[in-house]
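Notes follow the structure.
Values reported hereafter were calculated over all heavy atoms of this structure, with side chains retained and with hydrogens, waters and symmetry mates removed. Being a predicted model, the structure only gives us computed values, none of them experimental. Residue numbers begin at 1 in each chain, while the letters A, B, ... track the order of the sequences.
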Amino acid sequence: MHPEALLAQRLARAFETVVGAAVDPMVRRSQHADYQADGALAAARRLKSNPREIATRIAEQAALDDLCSTVEVSGPGFINLTVRDDVLVQLVVDVVHADRLGVDTPATPETVVVDYSAPNVAKEMHAGHLRSTIIGDAAVRLLEWLGHTVIRQNHVGDWGTPFGMLIEHLLDLGEDEAAHELSIGDLNGFYRAARIKFDDSDEFKERARRRVVSLQRGDAETLRLWQLLIGESQKYFMTVYGQLGVRLTATDFAGESAYNDDLAPVVAELEDLGLAKESDGALCVFPDGFSGREGEPLPLIVRKRDGGYGYASTDLAAIRHRLRSLEAARLLYVVGSPQHQHLEMIFQAAREAGWLTPPARAEHVAHGSVLGKDGKMLRSRAGRSVRLIDLLDEAVTRAIAVVSDKNPHLEGATQQAVARAVGIGAVKYADLSTDRNKDYILDYDRMLSFDGNTGPYLQYAHARIRSIFRRAGIEPPDVVGQVVITDPAERSLAFAVLEFARVIGEVEQSMQFHSLAGYLFELATAFTGFYERCPVLRAEAPVRDSRLVLCALTASILATGLGLLGIEVPDQL
RNA sequence: GCCCCCGUAGCUCAGCGGAUAGAGCAGGAGACUUCUAAUCUCCUGGUCGCAGGUUCGAGUCCUGCCGGGGGCACCA
């Protein structure tokens, strides 16, 4: 158990006794001691009594002598806690012997559906898909590592009116030529050409319209052509995912078309429940708590006036499927924040339909946009959206320059692999190290810097530790020995190591990966302080072994933590 | 008009109702016979958008403004 949990557990019992009610002891790291507990202040307000007095009684009642060397009441009623050295050592040793760096498996492993990435068939993946793909991938890695059952759902845009025009354009080009264009990733050109014809030619527009009807009717030849588009696009998406290094596979594709057969039954069910009502010729669900421009109830249009189905129907079919058939307890939608209201409406409708009931819950893991250096939506010089693959290639190209400049000893293939890990890692870290709700500015120079809170800095910190083991000629599993903590830098590093479990638990709930990133940066910072002050290989036997243990733990947490963010850790940079 | 997100150091960002608001970058001053100096230490730098309110205590919660972005019926 990590120190905060341990102290909180003990203090909670003391609060129970003294206050006569459950109080959160509010234990956290402190500048004034190892930890501080602020719960007495809140408790005093409830009891309308003196917080210092309560804090003093709590401190006495908790009898923390076996855990703390000093327990002091300070200021208006803070309880400052200094952990005993032998306890600190024992906690570190516990982590060494623990299965997963001291992180507990969840009490109740759940089935979690993660909906992320969601590119559109026959359309380029652009910078806008970056965040959903990266954040979703991190969510998947974290939840799987913790022991949850994770079902990845790539809600690909593979259905709808644009496919009439896309298929007709495909026919105009000829299947072979179209497949060629799509396979080389010229999706922008393909889509744009179709769009231009659609806008300029009434004849084409009419063909496209008829083709949509054929598609919806299930015409075999039309479906074959549609499949062709999907197949080529999937191949292309997989190359982008490959370059990005995310775990999405072809089996995770669960596009909008997957719900076609469910749409009519879902709408029928909503009608039977009395939730769907006709309005302006369309069939609508009006989830509770949403209003539009004129204060009128806001609809989810589940069947359009023309009888067709829109994305609200698809999303409702998807949420029903995920809850009923996949039996998910937690639904994560890693989708940009502009979709917030729409998703909340879907969730509310699902609750009203009785599909989404506790303990199952749905969460919008919202994220902001990627901006250019000018603070506006990322655009190429031509003013178009930036292709995701170009963005990634640019990062890797720059990383090659950085890596070869700084370490000329690395050879061809190794250098390429390291540069790729550094370049892609830098992009991911830049994304995951800030609050996902906010927009962030993509700046290659900053993200590829080895100074500051960046991916390369953390990869470097890890590589430095690996270098120690290379020199010592041993590997972490063979590191045995007692842990001895004397230097303040060792003490700081030990506490940093112990914080990992707490941070992981927090991120599991919040899906705020920047707190994991921030933690890893703090750990790396604590390690560098240790590295500067505490020689490892030159130390004498018991201290040397102890320091190797700290090195091994730090390297392991850095590798694991970065791994959970989807970032590779090369042995050397 | 209503709703959502954002506004913290020159720049990029943390900050969970609690002690003097923290990092990194940039700027200034130091430290290499060293386990990777791709580093470390110190310094400089803040009317936390504005104004009220709640509280023993507000960057954090509430209300109203200002500024930026986004959403609000048949595209997805």
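- Contacts of Tyr440(A) with the nucleic acid, taken as non-hydrogen atoms under 4.0 Å apart, involve only primed sugar atoms and P, OP1 or OP2.
- Taking the C1' atoms as reference points, A19(B) lies 31 Å from G28(B), given to the whole Å.
- Judged by atom type and distance alone, Tyr460(A) does not reach the base of A38(B) through any side-chain donor-acceptor pair under 3.5 Å.
- Of the P atoms belonging to A23(B) and A37(B), the separation is 24 Å, rounded to the nearest Å.
- If you check G57(B) for Watson-Crick or wobble pairing at under 3.5 angstrom, you find it has no partner at all.
- Tyr519(A) places a side-chain N or O within donor-acceptor distance of the main-chain N or O of Ala496(A), the cut-off being under 3.5 Å.
- Between Cys284(A) and Gln36(A), the residue whose closest nucleotide on RNA chain B is further toward the 5' end is Gln36(A).
- Contacts of Ala42(A) with the nucleic acid, taken as non-hydrogen atoms under 4.0 Å apart, include base atoms.
- For the pair Arg29(A) and Tyr35(A), the distance from NZ or CZ to the six-membered ring centre is under 6.0 Å and the angle to the ring normal is within 45 degrees.
- The phosphate of U12(B) (OP1 or OP2) has no side-chain N or O of Lys373(A) nearer than 4.0 angstrom.
- Comparing atom distances between the Phe450(A) side chain and each of A38(B), C13(B), G24(B) picks out A38(B) as nearest.
- The separation of C25(B) from U41(B), taken at their P atoms, amounts to 10 Å, rounded to a whole angstrom.
- Taking the P atoms as reference points, U60(B) lies 38 Å from A29(B), given to the whole Å.
- Asp280(A) comes within contact range of at least one nucleobase, with a heavy-atom separation under 4.0 Å.
- Under the stacking criterion of a centre-to-centre distance below 5.5 angstrom and an interplanar angle below 30°, Phe78(A) is not stacked against the six-membered ring of G18(B).
- At the phosphate of A23(B), neither OP1 nor OP2 sits under 4.0 Å from any side-chain N or O atom of Tyr519(A).
- Residue Lys304(A) has its side chain nearest to C75(B) when only U36(B), G24(B), C75(B) are considered.
- Comparing the P positions of A58(B) and G70(B) gives an interatomic distance of 35 Å, to the nearest angstrom.
- Base contact: Arg305(A) has a heavy atom under 4.0 Å from a base atom.
- Distances from the side chain of Arg446(A) to the nucleotides A37(B), A73(B), U12(B) place U12(B) closest.
- No contact: Glu294(A) has no heavy atom under 4.0 Å from any strand.
- Residue Pro338(A) is in sugar-phosphate contact alone, with no base atom involved, counting any heavy-atom pair closer than 4.0 Å across all strands shown.
- For the residue pair His155(A) / Gln153(A), no side-chain donor-acceptor distance below 3.5 Å is found, with atom types taken as modelled.
- Using a 4.0 Å cut-off, no side-chain N or O of Arg293(A) falls inside it from OP1 or OP2 of C3(B).
- For A31(B), the paired base is U39(B) (Watson-Crick or G-U wobble, both distances below 3.5 Å).
- Taking only side-chain nitrogens and oxygens, Lys438(A) never comes nearer than 4.0 Å to OP1 or OP2 of G69(B).
- With Asp24(A) contributing its side chain and Met26(A) its backbone, the two residues share a donor-acceptor pair below 3.5 Å.
- A donor-acceptor contact under 3.5 Å is formed by the side chain of Ser279(A) with the base of A73(B).
- Residue contacts shown for Ala463(A) include a base, since a base heavy atom lies under 4.0 Å away.
- Within 4.0 Å of Ile301(A), counting heavy atoms only, lies at least one base atom of the nucleic acid.
- Taking atom C1' on both nucleotides, G67(B) is separated from A73(B) by 31 Å, rounded to a whole Å.
- At whole-Å resolution of the value, CG in Asp24(A) and C1' in C16(B) are 10 Å apart.
- For the residue pair Glu352(A) and Gln348(A), a side-chain donor N or O sits within less than 3.5 Å of a side-chain acceptor on the partner.
- Between the Asp439(A) side chain and the Gly368(A) main chain, no donor and acceptor come within less than 3.5 Å of each other.
- Per the geometry, CG belonging to Leu343(A) stands 16 Å off P belonging to C4(B), to the nearest Å.
- Per the geometry, CD belonging to Glu532(A) stands 14 Å off C1' belonging to G30(B), to the nearest Å.
- Across all strands, Asp435(A) comes closer than 4.0 Å only to sugar-phosphate atoms, never to a base (heavy-atom distances).
- The phosphate of A76(B) (OP1 or OP2) has no side-chain N or O of His155(A) nearer than 4.0 angstrom.
- Considering only side-chain atoms of His514(A), the nucleotide from A14(B), A19(B), A76(B) that sits closest is A14(B).
- Classification of the Phe253(A)-Phe237(A) ring pair by plane angle, with boundaries at 30° and 60°, yields parallel.
- Picking from G18(B), A73(B), U39(B) the nucleotide with the shortest atom distance to the side chain of Asp38(A) gives G18(B).
- Note on Leu573(A): a base of the nucleic acid sits closer than 4.0 angstrom, heavy atoms only.
- Remark: C65(B) base-pairs with G49(B). Criterion, Watson-Crick or G-U wobble with two distances under 3.5 Å.
- Using modelled atom types, one side-chain atom of Arg547(A) and one backbone atom of Pro535(A) make a donor-acceptor pair closer than 3.5 Å.
- A donor-acceptor contact under 3.5 Å links the side chain of Arg28(A) to the base of C16(B).
- As a whole-Å value, the separation of Asp315(A) CG from A76(B) P is 11 Å.
- For A19(B), the base has a donor-acceptor partner in the side chain of Asn80(A) [N/O atoms by modelled type, under 3.5 angstrom].
- Checking A19(B), A73(B), C40(B) against the side-chain heavy atoms of Tyr457(A) singles out C40(B) as nearest.
- Looking at the side chain of Asp451(A), the nearest of the listed nucleotides U36(B), A73(B), U39(B) is U39(B).
- A donor-acceptor contact under 3.5 Å is not formed by the side chain of Glu522(A) with the base of A23(B).
- Heavy atoms of Glu506(A) sit nowhere under 4.0 angstrom from any nucleic acid atom.
- Put simply, Thr434(A) has no side-chain N or O that comes within less than 4.0 Å of OP1 or OP2 on C13(B).
- Counting only heavy atoms from C-beta on, Pro76(A) has its side chain closest to G18(B) among U12(B), G18(B), C35(B).
- The base of A38(B) lies outside donor-acceptor range of the side chain of Ser449(A), with no N or O pair under 3.5 Å.
- Going from atom CD1 of Ile465(A) over to atom P of A38(B) covers 17 Å, rounded to whole Å.
- Here the separation of U20(B) from G53(B), taken at their C1' atoms, is 26 Å to the nearest Å.
- The partner of G24(B), taking Watson-Crick or G-U wobble pairs whose two distances both stay under 3.5 Å, is C11(B).
- Of the N and O atoms on the side chains of Asp315(A) and His342(A), at least one donor lies less than 3.5 Å from an acceptor on the other residue.
- Nucleotide G1(B) is matched to C72(B) when pairs are restricted to Watson-Crick or G-U wobble geometry with both distances under 3.5 angstrom.
- Across all strands shown, Gly292(A) has heavy atoms under 4.0 Å from base atoms, whether or not it also approaches the sugar-phosphate.
- A donor-acceptor contact under 3.5 angstrom links the side chains of Thr528(A) and Tyr457(A), judged on distance only.
- C61(B) and C40(B) are spaced 34 Å apart, taking the P atom of each and rounding to whole Å.
- Closest-nucleotide positions on RNA chain B for Leu537(A) and Thr528(A) were compared, and the one nearer the 5' end corresponds to Leu537(A).
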